[in-house]
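Below you'll find the structure, written out as structure tokens, and then a few comments.
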Amino acid sequence: MGRSESMLSFEEAKARLETAGQGHVLQFWAELSAEESNTLLEEISKLQPEELLEHCRAAAEAASRHSSADGRLDARMKPVPPEFIGSVRKSDKEALQIWGDEGLLQISQDRVAVLLLAGGQGTRLGVPYPKGMYNVGLPSGKTLYQIQAERIQKVQKLANVKHGSRCTIPWYIMTSEFTLGPTERFFKDNEYFGLCPSNVVMFEQRMIPAVGFDGKIILEKKNKIAMAPDGNGGLYRALVDNKILEDMERRGVEYLHVYCVDNVLVKMADPVFIGFCVIKGADCGAKVVDKAYPAEPVGVVCLVDGMYQVIEYSEIQPETAELRGPGGELLLSAGNICNHFFTRDFLKDVAEKFESQLKQHVAIKKVPFVDGEGNLVKSTKPNGIKMEKFVFDVFQFSKKFVAFEVLREEEFSPLKNADGAPLDTPTTARRSLLAQHYRWALAAGGNFLDEQDKPIPPKHSMTQNEDPPAICEISPLVSYFGEGLEKLLKQKNLKSPFLLDENEAENLVKTT
Ligand SMILES: CC(=O)N[C@H]1[C@@H](OP(=O)(O)O)O[C@H](CO)[C@@H](O)[C@@H]1O
């Protein structure tokens with residue numbers, strides 16, 4: 001919470017904490033080594049006094065309000081009328097082509113950047129490292145970060161080939177105290193996956209203290225406050241703290257594709273989405289998919305009192321999520337896939353004028369703490385409040401918002417849970433990507449053979465839980481959305497498992 005240049009003395013820290021009713025943070029001071037006390041002072045120095053007071057007060061109040069029905073928006077939620085949703089499914093080829101062309105044009109002129117929200121801890125997935133470093137078990141062994149980096153390279157290339165440019169899509173990566181160090185190291189160790197390091201800009205979002213139901217900061221060690229990132233809506237403060245908007249301006253970036261790290265099918269800087277938003281004159285946009293089932297853990301894009309808003313899955317009542325229209329269809333079905341479009345001007349407006357109005361969302365969590373004797377206690381029931389801002393809470397400030405419906409099987413398969421869970425696991429992510437590449441290869445005219453060179457009969461439709469009959473992985477460096485495969489695969493026999501990387505593509509060209 002906040003940045004303070006210099007470290008406080010013990011007396012200053014004590015005074016600051018006491019003013020905010022948080023004197024207990026220093027209760028173990030006498031027992032700390034010099035090093036330990038320094039760490040604690042450093043942490044306290046980062047807390048800004050007025051914000052601290054307000055934060056603890058708001059958290060305690062939020063906790064008392066949390067279980068009551070006040071503040072729920074369910075009764076005021078209305079679906080976005082279908083005519084206000086752009087749609088890949090319902091648009092003809094020509095329209096998609098026009099949008100895609102516009103997107104590539106903007107990319108070729110260096111006006112587009114991507115911004116990744118990667119400050120989360122991946123608690124549900126249960127790994128101790130940033131989610132982007134996860135390898136879902138593809139034949140290539142690529143991690144989410146590598147797949148994303150290669151998609152950036154490919155879409156730059158598509159724009160260059162079309163427009164004779166040498167463009168750059170800068171990659172802004174918002175990390176947190178948990179993820180910055182390992183993410184930086186991972187990129188360095190992997191030579192930025194072929195991207196130029198100066199075009200990968202990492203910055204850190206703020207951390208804020210977790211607070212008990214009594215409004216007191218929780219200590220997770222004798223010398224450590226339990227801190228958590230301020231939610232993906234911490235983006236707007238982090239843009240200012242780290243002068244990122246200035247960096248974008250210097251580079252001439254006008255349009256941002258903002259996304260969260262865990263979707264294995266994410267289309268980086270998707271030209272079709274960018275082009276659609278630009279042509280519609282939007283300052284803010286969101287990709288949506290048709291919700292798969294009422295309790296699916298995705299936010300819902302809807303109207304609340306005539307304003308666009310996302311109601312998060314954790315804040316909607318099950319009865320509301322289950323509402324159906326006359327044909328049996330889900331009424332509130334525009335599922336948020338955390339892929340947003342913003343103009344730089346809009347981000348600047350939000351950062352300068354609206355940030356302080358963003359809603360604080362309350363999460364009641366189990367937070368490990370030290371008791372009065374200094375013993376670590378792993379709470380068995382929720383004991384702490386974490387306050388978070390959400391990236392989509394700025395939609396209401398938009399002058400022209402657009403929603404854009406995309407196909408789930410082409411664009412959305414998030415990695416949320418560890419294997420063993422029924423959905424959104426490494427297995428389902430891997431399956432979605434391999435199924436997509438299998439479909440692309442079939443559409444391009446490829447024939448699959450098994451290990452004994454026997455033809456594998458093609459399967460043109462598969463359910464979500466079904467593995468494709470042949471294994472096919474196509475490097476993003478070869479194809480971004482299935483384009484350019486016909487000249488490589490038409491009437492070719494492809495032995496499963498088939499890995500189409502750049503070398504294999506060259507070989508295939510030679511044998512044509
Ligand atoms: C605050 C926020 O952005 N929440 C998003 C985000 O939620 P997670 O809690 O990270 O799974 O990703 C979901 C899509 O994977 C989206 O539906 C939801 O609205």
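In this text, all values refer to a predicted model and were calculated from it rather than measured experimentally. Order of listing sets the numbers, starting from 1, for every ligand and every atom in it.
Taking only non-hydrogen atoms, the option from Val289, Asn336, Val288, Val258 nearest to atom 16 (C) of ligand 1 is Asn336.
Atom 15 (O) of ligand 1 has Lys416 NZ, 2.7 Å as its closest protein atom, hydrogens excluded (heavy atom only).
If you look at Asn232 next to ligand 1, the close heavy atoms, those under 4.0 Å, all belong to the side chain. Here Glu312 has side-chain heavy atoms under 4.0 Å from ligand 1, and that is the only part of it that gets that close.
Every side-chain contact (heavy atoms from CB on, under 4.5 Å) that Thr428 has, sequence neighbours left out, goes to Thr425, Arg431. Residues forming a side-chain contact (heavy atoms from CB on, under 4.5 Å) with Phe354 (at least two apart in sequence, or on another chain): Asp349, Val350, Gln357, Phe397.
Under a 4.0 angstrom heavy-atom cut-off, Arg124 registers as being in contact with ligand 1.
A donor-acceptor contact closer than 3.5 angstrom links the side chains of Asn339 and His257.
Note: an N/O pair closer than 3.5 Å links Gly299 and ligand 1 by distance alone.
Counting atoms of ligand 1 from 1 in the listed order, those under 4.0 Å from a heavy atom of Val298 are 17 (O). Atoms of ligand 1 lying under 4.0 Å from any heavy atom of Tyr313, numbered from 1 in the order shown and given with element: 7 (O), 8 (P), 9 (O), 11 (O).
Taking CD of Glu355 as the reference point, atom CZ of Arg237 lies at 5.0 Å (rounded to 0.5 Å).
No more than 12 heavy atoms of other residues, nucleotides or ligands shown are found within 6.0 angstrom of NZ on Lys400.
Screening Phe193, Phe187, Tyr134 against Tyr145 for a ring-ring contact (aromatic ring centres under 6.0 Å, His included) leaves a single residue, Phe187.
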